[in-house]
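The shown structure was predicted, so the numbers you read here are calculated from the model rather than taken from an experiment. Whatever order the structure lists them in is the order used to number ligands and atoms, beginning at 1.
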Amino acid sequence: MNSKAPYLLTPGPLTTSLSVKQAMLKDWGSWDGEFNDMTAQICQRLLSVAGAEQTHVCVPVQGSGTFAVEAVLGTLIDPDSYTLVLMNGAYGQRVGEILEYLKRPYMVLDKGDYVPPRGFEVAQLLESNPKIEQVVLIHCETSSGILNPLEEIAAVCAQAGVRLILDSMSAFGAVPVNMADLPCAALISSANKCFEGVPGFGFALIERQWLEGAQGRCHSLSLDLYEQWRHMENSGKWRYTPPTHVIAAFLQALKEHQAEGGVQGRLARYTRNRDRLVAGMRALGFQTLLDDEWLSPIITTFLSPSSESFDFTQFYALIKQKGFVIYPGKLTVADSFRIGCIGQLFDEQIDAVLLAVSHACMQMGMTVPVPAPNLLSPQLKTA
Ligand SMILES: *Cc1c(COP(=O)(O)O)cnc(C)c1O
């Protein structure tokens, strides 16, 4: 076993820098002015990354990303209005599950495991269902790694006069989003993905007018983002105990994000990681689930080779011995596994993981290049 902590090739929590971890060595009082100033700086910076300073407000909320999604849906959606959920994987399904819990009426466009929802289908649905007042889209559906066609869908929503709620959890910070051009009423993300902070809070960038009119809608006391926002506006403080160390680490992570060239810098490194990984894996005989057009620079799904000798549990353990943690797949149509490109990963780590993959295949008794995958679905095409 490698004595160093393994690199996480997972879509968050991910490998953070030493300086981000070191930012957590000090204890902060939640009533302290210096701490509240950190929160204000973070909110300001997040709005600026999205080009949303003029139109939106940033509201952070304690918990993991799902808490932020639930808080946004519960706070903003009028209980009598209809929502269209665009599903193509586990995170879209989770949005549906949350709406079930909240007893908010919704419709679904379910494209299965990895096929993208397209603008024309959304336009048709909105036209035949005028009751729909908001659409929820997952930006990068992390369960397959697909980058969904955001601009196309945002344009269709704007044309129909319907609000777009974007779960950009695993994309914001590395995939450009410019709210000045993009009609998007709410964007949700969290600390521990492309900004490379540690887990502990999520946040939403919400159109000021929508939030201002949302008093009293939320089903939950602690997830009420209207109240969280009002409290922060009035006092500068979080409503209940904030994740102080996580906030300090996130401010450091934001500085490093900016120093790397902001969204463009991060996108460039993640894209380079993804391209190097995919090229190397293809050279070893592995196939990606998705056509190149749909691959995100966040995480890539690879199909398992059709060999009696391939066993994911063993594969995972052998790669972990070399210092890398990969991710199991989440598909119903084919056996697969995922490898992430986000976090403190560079050429050196990508090359090392490729070497670890090739060694693992040989240790399991396979030849390299590995045999092609055995497709359970005859039509593994995204178009
Ligand atoms: C990570 C993620 C979430 C939130 O997951 P948590 O485990 O609650 O942090 C939501 N949506 C997407 C697309 C994600 O990648």
Side-chain angles (χ1 to χ4, degrees), residues 8-16 59-74 83 85-102 108 110-117 135-150 153 164-175 177 184 186-205 220 222-223 225 243 246-247 249-250 253 266 270 274 289-290 294-301 325-331 338-343:
L8 303 178
L9 285 89
T10 57
L14 39 63
T15 298
T16 57
V59 192
V61 64
Q62 297 91 331
S64 84
T66 305
F67 291 63
V69 175
E70 189 157 0
V72 162
L73 300 177
T83 302
V85 183
L86 307 180
M87 288 182 186
N88 58 341
Y91 291 101
Q93 286 167 7
R94 191 174 297 173
V95 167
E97 212 178 328
I98 292 171
L99 292 173
E100 285 288 334
Y101 263 83
L102 302 187
V108 166
D110 190 351
K111 303 297 303 253
D113 269 355
Y114 55 87
V115 177
V135 171
V136 185
L137 172 69
I138 313 296
H139 193 181
C140 170
E141 179 44 89
T142 323
S143 51
S144 66
I146 189 171
L147 194 58
N148 281 320
L150 166 62
I153 284 162
L164 176 65
I165 299 175
L166 183 66
D167 172 351
S168 190
M169 205 71 66
S170 64
F172 187 51
V175 178
V177 171
C184 175
L187 176 153
I188 312 158
S189 192
S190 73
N192 59 288
K193 299 214 172 168
C194 297
F195 287 104
E196 301 190 358
V198 302
F201 74 97
F203 57 88
L205 310 181
S220 154
S222 55
L223 295 178
L225 293 186
V246 177
I247 289 290
F250 194 69
R266 198 137 289 180
Y270 290 173
R274 192 265 326 269
L289 165 72
L290 301 171
W294 299 105
L295 291 179
S296 66
I298 311 298
I299 187 164
T300 303
T301 298
V325 169
I326 64 167
Y327 221 44
K330 258 194 184 180
L331 300 177
R338 293 174 289 168
I339 303 183
C341 323
I342 67 177

Query raised in the report: Hey, does Y91 come in under 3.5 Å of ligand 1, counting only N/O atoms on both sides?
Result: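 Not met; the criterion fails.
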**Report entry** F67 N/O under 3.5 Å from ligand 1 N/O
**Finding:**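 For ligand 1, there is no N or O atom that lies under 3.5 Å from one belonging to F67.
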Which of the atoms in ligand 1, numbered in the order shown and given with their element, are less than 4.0 Å from a heavy-atom of [X]?
X    : result
T66  : 4 (C), 5 (O), 6 (P), 8 (O)
C140 : 13 (C)
S170 : 15 (O)
I138 : 13 (C)

Would you mind telling me if ligand 1 is within reach of the side chain of [X], the backbone, both or neither, using heavy atoms under 4.0 Å?
X    : value
D167 : side chain
R94  : side chain
V69  : neither
S190 : neither
K193 : side chain

Is the shortest heavy-atom distance from the side chain of [X] to the side chain of [Y] under 4.5 Å?
X    : Y    : result
T301 : L290 : no
D167 : H139 : no
N148 : L86  : no
R94  : V69  : no

**Report entry** With L73, the side-chain contact (heavy atoms from CB on, under 4.5 Å) member among T83, I98, V85
**Finding:**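 Going through the options one by one, the only one that passes is I98.
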Query raised in the report: Knowing that exactly one of T142, I339, I299 qualifies, which makes a side-chain contact (heavy atoms from CB on, under 4.5 Å) with Y327?
Result: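 Running side-chain contact (heavy atoms from CB on, under 4.5 Å) over T142, I339, I299 with Y327 returns exactly one hit, I299.
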Report task. Do me a favour and list the nearest non-hydrogen protein atom to atom 9 (O) of ligand 1 with residue, atom name and distance? Result ->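 Protein heavy atom at minimum distance: G65 N, 3.0 Å.
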Requested in this report: If you have a sec, work out which protein heavy atom is nearest atom 15 (O) of ligand 1 and how many Å separate them, to one decimal?
Outcome: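 Ranked first by proximity to atom 15 (O) of ligand 1 is T142 OG1, 2.5 Å.
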Query - Shortest non-hydrogen contact between Y270 and G343, atoms and distance - result: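 Closest heavy-atom pair between Y270 and G343: OH-N, 3.5 Å.
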Query raised in the report: Any heavy atom of G63 sitting closer than 4.0 Å to ligand 1?
Result: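 Contact absent.
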**Report entry** Separation between CD of E141 and OG of S296, rounded to the nearest 0.5 Å
**Finding:**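 Separation between the atoms: 10.5 Å.
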Query raised in the report: Atom CG of L8 and atom CG of L14: how far apart are they, to the nearest 0.5 Å?
Result: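 Between atom CG of L8 and atom CG of L14 there are 7.0 Å.
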